[in-house]
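Read the structure below first, then the notes.
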Amino acid sequence: MPRSLKIALAVVALFGLLFVAYWFVAAYVIEKQIRTEIAKQQRADRSLSLGDISVSGFPLRFNIYLHELEFNDQGDGITFASDGPLKIKVPSYAPWNFEIKTGGEHNLFLDGPSGEQAFKIEGTIKSQGQIGFDQRIKEFFLDASDLRVLNDQIGMTRIGQLELALFPDEEVSGSRFELRAGPLSLPASLNPGLGSVVEKLSVDGIITPYIPKNLNRGRLKLWAADQGELLLETLQLTWGEVDLSAEGKIFFDDSLLPVAAMDLSVDGHKQALQLFAERGLIPPTQATVLKFSLAAFTRPKDDGSGERYLFIPLSLKDLLLKVGPLTLKLPSKIANKLKGLQ
């Protein structure tokens, strides 16, 4: 056998042994890091528990299975539990890429002013992403189909498709996000008269500067102080007779309360007001008054049909919502939630 071939075989064998050693050492380190991170999350008012951790997939990837994952945050009133294992798949040759897949039933409990509200989420949820060396999520993609969200009081909502993308963009010195959802089949209790199906919901925007790593309230305040803002490029909603779109900016003041300025366009507002009146959500006389009052905020469509659509500037500051010339107070439940972020 030629000497060069022997050297090549020896190098290959050594590389193979080193890779085997790397895989098993890395699998041990991954499990240890998960346990360490879970221990760091423990607080007097928050607990995070995990059962078994198993790692497989040698030699091409790390398949990490998290069993009996439970989360309980008494401060925010959130409890989560999953009856099935959470699978994290990481290529052994690219440990900065991850793929998370989970299916089955997930129980989410929200403890609000009216007491505990239980939601059951059924279906398959898949997410992919990339983590940088600074432990910050660089990219994140979520894809879910045929999700079912059940609540005893509200009923069941079916989500045909849900897609979320978050990725960096150096041109804006921040991250872009995209959300696509639909169709959403709503229970009767959530139908204001526009129909039981929301045909489409899409949101596109920019978050600047980059989302801080290890996100918590303290770092979020620093981000907001650094002129952190959310630019809403487009929001589109199609629900029965109504086509809604919006664009604008959302940023935060020194108290971490949201401040917003948006332009809202609505096609089909007259039909919506009529449906609201027929369903008893607003008195018929009020619907008529609103039609005349909103006429001053309409614009002609570009298609030459002679039809008009509603165009209203919106602004939010100090928990006061300004709709055109009208100033409204936010509902107490929403205001209390926003104050809780401080």
Side-chain angles (χ1 to χ4, degrees), residues 176-184 186 190-208 228-253 255 257-339 341:
R176 290 187 177 273
F177 65 90
E178 299 174 355
L179 172 67
R180 302 287 183 271
L184 285 73
L186 304 174
L190 295 182
N191 178 12
L194 301 178
S196 60
V197 178
V198 177
E199 288 83 1
K200 182 182 70 172
L201 172 64
S202 66
V203 184
D204 294 273
I206 299 171
I207 301 174
T208 58
E229 67 177 21
L230 186 154
L231 173 63
L232 188 65
E233 292 185 310
T234 59
L235 182 151
Q236 293 183 326
L237 172 71
T238 301
W239 187 358
E241 299 281 350
V242 173
D243 283 310
L244 180 148
S245 63
E247 59 182 20
K249 282 186 178 181
I250 302 174
F251 53 99
F252 302 88
D253 61 18
S255 300
L257 291 175
V259 180
M262 298 184 183
D263 289 331
L264 178 68
S265 300
V266 183
D267 186 15
H269 66 284
K270 291 183 179 180
Q271 296 90 328
L273 289 173
Q274 183 65 34
L275 291 170
F276 294 162
E278 292 175 357
R279 198 171 178 84
L281 298 177
I282 58 176
T285 54
Q286 186 176 348
T288 303
V289 171
L290 283 173
K291 286 181 183 179
F292 285 106
S293 301
L294 293 174
F297 300 98
T298 60
R299 294 180 176 181
K301 292 184 179 180
D302 295 332
D303 57 8
S305 62
E307 297 290 330
R308 302 179 71 87
Y309 69 95
L310 187 63
F311 180 86
I312 297 182
L314 302 177
S315 64
L316 175 66
K317 187 176 182 181
D318 298 329
L319 300 181
L320 294 176
L321 178 64
K322 195 169 184 180
V323 183
L326 303 176
T327 301
L328 308 172
K329 284 187 177 181
L330 291 179
S332 57
K333 288 184 178 181
I334 298 177
N336 291 335
K337 283 293 183 181
L338 294 175
K339 289 180 180 178
L341 295 175

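The model shown is predicted, which means the values in this text are computed figures rather than measured ones. As a basis for the values below, the full set of heavy atoms in this structure was taken, side chains included, without hydrogen atoms, waters or symmetry mates.
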### Query
E233 versus I206: any side-chain heavy-atom pair under 4.5 Å?
yes

#### Entry: Atom pair CG (L235) and CG (L264), whose distance is rounded to the nearest 0.5 Å
9.0 Å

### Query
With sequence neighbours left out, what residues match E199 under salt bridge (charged side-chain N to carboxylate O under 4.0 Å, His left out)?
none

### Query
Shortest non-hydrogen contact from D267 to Y309?
CA-CB, 4.3 Å

### Query
Are more than 12 heavy atoms from other residues, nucleotides or ligands located less than 6.0 Å from atom NZ of K301?
yes

### Query
Taking all atoms of both residues into account, what is the closest heavy-atom pair of P183 and V197, and its distance?
CB-CG1, 3.8 Å

Would you mind writing out the side-chain donor-acceptor pairs for residues 244-251 within the sub-3.5 Å range, not counting sequence neighbours?
none

### Task
Compare every heavy atom of G195 with every heavy atom of W239, then report the nearest pair and how far apart it is.
NE1-O, 2.9 Å

### Task
Working to the nearest 0.5 Å, report the span between NE2 of H269 and CD1 of I312.
8.0 Å

### Task
Can you measure from CG (L314) to CG (D263) and round to the nearest 0.5 angstrom?
8.0 Å

### Message
Please enumerate all residues that pass side chain to side chain donor-acceptor pair (under 3.5 Å) together with T234, with sequence neighbours excluded.
### Response
D204

### Query
What pair of heavy atoms forms the shortest contact from G193 to L275, and how long is it?
O-CD1, 3.2 Å

### Query
Can you tell me how far OG of S196 sits from CG of L184, rounded to the nearest 0.5 angstrom?
11.0 Å

### Query
How close do V242 and A272 get, heavy atom to heavy atom, and via which atoms?
CG2-CB, 3.6 Å

### Query
Is any side-chain heavy atom of T208 closer than 4.5 Å to a side-chain heavy atom of L231?
no

